[in-house]
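One structure is given below, encoded as structure tokens.
In this text the structure is predicted, and so the values were computed from the model without any measurement.
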Amino acid sequence: MKSDRTQNPQTSIQRPELLAPAGNWECAKAAVENGADAIYFGLDRFNARMRAQNFTEADLPQLMKFLHLRGVKGYVTVNTLIFPQELTEAQQYLRTIVAAGVDAVIVQDVGICRLIRHLSPDFPIHASTQMTITSAAGVDFAKSLGCQLVVLARECSIKEIQKIQQATNLPLEVFVHGALCVAYSGQCLTSEALGGRSANRGECAQACRMPYDLIVDGEIVDLQERKYLLSPQDLAGLEVLPDLVKAGVTSLKIEGRLKAPEYVANVTRVYREALDKVMAELVRPNPLTPFPGREGGNKTPLSASERGWGRGQEQYNLEMAFSRGLYTGWFKGINNQELVHARFGKKRGVYLGEVTRVRNEQVTIKLEAPVKPGDGIVFDCGHPEAKEEGGRVYTVTPKGQEVVLTFGKDSLNFRRVHIGDKVWKTSDPELDKQLRQSFAGDNPQFQRPISLEIYGEVGQLLIAIARDELGNIVQVESAIALVEAHTKPLDTDRLREQFGRLGNTPFCLGTLTNHLQGAVMVPVSELNRMRREIVAQLEELRSQPKRWELRSDASLQNLLPAVSPPSPTSPALIVLVRNLKQLQAALNTGVETLYCEFEDPRTYRQAVELVHQHRTPPLPTPHSPLPQIWVAPPRITKPGENWILQQVRAANADGYLVRNYDQLQFFGVDRCVGDFSLNVANPLTADYYQQHFGLERLTASYDLNINQLEDLLSSCPPQWFEVTIHQRIPMFHMEHCVFCAFLSEGTDYTNCGRPCEQQEVKLRDRVGSEHVLQADAGCRNTVFNGTAQTGAEYVQRLIELGLRHFRIEFVNETPEQVTKTIQRYRQLLQGEISGSQLWRELQLQNQLGVTRGPLGLSPVGGGRKL
């Protein structure tokens, strides 16, 4: 992606694009009128915020014309996984997007990247944060798909961003403000596991914002009011903007497509002003592209200089916009004590202070922030999961260092307000009114600069050459020649006065260079006409839709892989274990293919030796019935973590279960199977991995239900795949370490004391389910569903479709449970018992029973069944 922002020839520092969210038309206007360089938005299908109002395909031409007229880019989100039966619809959807002149599309699905590039060789693709890109290898992978920009995972620190940028030549985008997912985007299966609402399909149920009990070695840990163990504070990168600019980030992204237009206006304006200040300090602005707002800009009363705001006003505005607490996230590195305060998981706002007295329907507060009549407040007694008292302030009476608040009649139950309660301001109507004014009406309020060059001499026409910040250029000439001026000749001030009258247009006058020769003049009416003509021509140029190449003869059918007949071989069972005792139990059952996923990769050497002891002769062929062991690196690989991969390879296993782009590259010459984390949900994605990496098999995405899985197996050679039919689904996979945050005083692995190695930890949710928590070699945590999920009832249908590799996984099961489960699934694959019979047995064996999990369909329609 080529930035609109020119580089200063005196420095390599480039001004990043400010990218704002837009869930509807009002949000789009709010972003534009408060200084966004670009917006991103979803349509009614295939976007990761399906709860947003969103736009329709029919809106695209009008929306793009509006944005381009205002000098703003528009990016469409197609950032979900696409299922096989949706590809035809997705193809037409993409054609509409390209034809509408959209500036780029933000994509998660590998197959959709392929489809876009097949339809159009030049249409820009941005790799979504849902692709879970955390390294230079991930950026290179996105580049191989035809992507022009990569949105990095939110978990990347500034140091890591710098390393990635230095190792690649693709532009990078980072989230700079908004809600933080606790799990890696694209790797969270919680909503899918608990309710069939996939985050990879835009239907996240936000289970991370719920309270959990921490159970350690079977006992509940008393964390007092700290119940929200998985709810991070909201991201606020304001204080690290200079570092992000210096790191070379191309685009700064604000989260919030589900938020109100006031939020969009508020946060966009704060970052617009802050970014312009940063750039003014870091570089001398190029005279051809003055910063928006410097000589015109937003005309609302929100300007810091106009309102005389003091220090901390930006923080106030951001907290009032939406806040669960504001924090720099992972930008400064990992600090598990600060990322999640765990006291609430909902919007709070600005902290006002504590209640010191409740009497006669009056509440006295020791005040730490301003409050005024009309503000909305809430009283926090430490139990945010319960109904909280709150209301609008009626009067504010100062009383020394405190204030006395009164409220409207019967608006509060004062018996539920206590001394010591924390008080939060959740609403500021005055601020909201000002924010709405910033995007009210039809006339532009945020103007972008144009530069002018004026030429002429006596007897010649007056020539004005205008350039906008996007590179558009127009030339306008006067209708009459210049004459000699005897009084009041045209000088720079008069030219600026006349050409600067750009009210109610998208423009403000930036630089004006006067090249007039001698004392000349022309009627003011002619100058005004020329100014209007400049505006009209620039508006016409900016309003033209982008003309991307769109191949009329390109077809989805040209990309689909050829389907081969099913293999005549018998179905095989693959067993994944997570400790040596489980491995030994699995070996004793005679399982031929074993996967190991251990916390410490150094243990893999022992595991490999254990398996090889069962071999006679000791060197199997690829098709040998002797037990083979494949080992799994951690799900995430960041810059500087290749030592973990080297430890994994040092075990000399028979093959590797690869989870990410680094591992595809690192283990490229080895035998590899792609794991579920590669998100293979359609034949275009599967075919890409097979063509470029030669994987022996791919694990089908856990987002597929049985009908969608059947479609996948029918649209590809079924021998490409394996399917997990029994597991405790890995719900959250996260950089946040619960062990460190709540079982130590440390901030990260260097000082936490490694409680993960000493204690067994579970998280108990609101309905009583206890979910297993485990750490990996990178100190990343995974929460495994407390209830096992089985696809036993669907195995026979999958065998008939040609599937031959079936996986079962264990987490913390005993060796005895491992043995019994393997035996029963082996009987299932051999046809000795039915899937429904095994389903009933598993229900009886397990204390919490089992569920059908993602594969299951409800009896009516296509939804999942819990």
Side-chain angles (χ1 to χ4, degrees), residues 16-43 47-55 63 67 72-77 79-80 106 126 128-130 151 153-154 173-182 185 199 202-204 206 208-209 231-238 241 251-275 302 314-329 331 345-350 426-428 431-432 435-436 438-439:
E17 166 188 87
L18 183 61
L19 177 58
N24 55 41
W25 270 103
E26 269 202 309
C27 291
K29 285 193 66 178
V32 168
E33 299 297 0
N34 285 278
D37 297 313
I39 69 166
Y40 64 104
F41 56 92
L43 302 179
N47 89 82
R49 290 292 183 272
M50 291 308 296
R51 287 184 292 136
Q53 184 177 337
N54 293 315
F55 294 87
L63 176 59
L67 293 175
V72 175
K73 290 186 174 183
Y75 308 140
V76 173
T77 57
N79 54 344
T80 63
I106 304 170
H126 294 180
S128 170
T129 191
Q130 295 283 121
V151 187
R154 292 174 175 92
E173 178 176 300
V174 300
F175 278 90
V176 72
H177 192 90
L180 274 181
C181 300
V182 75
S185 291
E203 298 172 328
C204 172
Q206 295 195 310
C208 53
R209 304 300 180 188
S231 182
Q233 298 189 72
D234 290 341
L235 174 64
L238 203 63
L241 276 185
S251 182
L252 302 172
K253 188 172 195 172
I254 298 166
E255 183 276 338
R257 282 195 288 137
L258 294 175
K259 302 291 199 307
E262 291 84 355
Y263 166 92
V264 176
N266 191 342
V267 179
T268 302
R269 188 60 188 171
V270 168
Y271 278 87
R272 173 78 281 145
E273 292 188 351
L275 183 57
L302 293 178
E314 292 88 350
Q315 180 81 4
Y316 174 87
N317 271 35
L318 294 178
E319 288 178 347
M320 286 310 306
F322 192 97
S323 170
R324 301 178 181 93
L326 297 179
Y327 184 58
T328 51
F331 280 141
K346 62 172 76 170
K347 174 186 176 182
R348 279 307 190 201
V350 171
T426 57
S427 170
D428 183 340
L431 176 60
D432 287 343
L435 291 167
R436 290 200 67 82
S438 76
F439 56 91

Rounded to the nearest 0.5 angstrom, the CZ-CG distance for Arg348 and Leu326 is 14.0 Å

For Lys347, enumerate each residue passing the side-chain contact (heavy atoms from CB on, under 4.5 Å) test, keeping only those at least two apart in sequence or located in another chain. Phe322

Between the side chain of Tyr40 and the main-chain N/O of Arg257, is any donor-acceptor distance below 3.5 Å? no

Quick one: CZ on Arg272 to CG on Leu18, what's the gap to the nearest 0.5 Å? 5.0 Å

What are the two closest heavy atoms between Gly329 and Leu180, and how far apart are they? CA-CD1, 3.9 Å

Of all the heavy-atom pairs spanning Ala20 and Ala31, show the shortest one and how long it is. CB-CB, 3.7 Å

Roughly how far, to the nearest 0.5 Å, is CD1 of Ile39 from CG of Leu19? 9.0 Å

Residue list, side-chain contact (heavy atoms from CB on, under 4.5 Å) with Glu26, at least two apart or on another chain: Asn24, Pro261, Arg436, Phe439

Approximate separation, where rounding is to 0.5 Å, of Leu258 CG and Asn54 CG: 8.5 Å

Any idea which heavy atoms bring Ala199 and Gln130 closest together, and the distance? O-NE2, 4.0 Å

Among all residues two or more places apart in sequence or in another chain, which pass the side-chain hydrogen bond (donor to acceptor under 3.5 Å, both in side chains) test with Ser185? Arg154

Using 0.5 Å steps for rounding, measure from the OG1 atom of Thr77 to the CG atom of Leu43. 7.0 Å

Set of side-chain hydrogen bond (donor to acceptor under 3.5 Å, both in side chains) partners for Lys253, sequence neighbours left out: Glu173

Side chains of Val270 and Tyr316: closer than 4.5 Å at any heavy-atom pair? no

Could you work out, with ring pair (Phe, Tyr, Trp, His ring centres under 6.0 Å) as the rule, every residue matching Phe41, not counting sequence neighbours? Phe55

Between CG of Leu435 and CD of Glu33, what distance do you get to the nearest 0.5 Å? 13.0 Å

Check whether any side-chain heavy atom of Leu241 sits under 4.5 Å from a side-chain heavy atom of Leu252, and report yes or no. yes

List for me each residue that meets side-chain contact (heavy atoms from CB on, under 4.5 Å) alongside Ala179, sequence neighbours excluded, and say none if there are none. Arg209, Asp234, Glu255, Arg324

For Pro16 and Leu275, which heavy atoms make the closest approach, and how far apart are they? O-CD2, 3.6 Å

Which residues pass the ring pair (Phe, Tyr, Trp, His ring centres under 6.0 Å) test with Phe331, sequence neighbours left out? none

Any Val264 side-chain heavy atom under 4.5 Å of Pro21 side chain: yes

Taking only residues two or more places apart in sequence or in another chain, which ones pass ring pair (Phe, Tyr, Trp, His ring centres under 6.0 Å) with Tyr263? none

Output all residues satisfying side-chain hydrogen bond (donor to acceptor under 3.5 Å, both in side chains) with Asn266, sequence neighbours left out; order by chain, then residue number. Asn317

What are the two closest non-hydrogen atoms of Cys27 and Ala260, and how far apart are they? SG-C, 4.0 Å

With sequence neighbours left out, the residues meeting side-chain hydrogen bond (donor to acceptor under 3.5 Å, both in side chains) with Gln315 are Glu319

Short side-chain donor-acceptor distance under 3.5 Å, Tyr75 and His126: no

Decide yes or no for Val176 and Leu235: does some side-chain heavy atom of the first lie under 4.5 Å from some side-chain heavy atom of the second? no

For the student: nearest non-hydrogen atoms of Ala36 and Thr268, plus distance: N-CG2, 3.6 Å

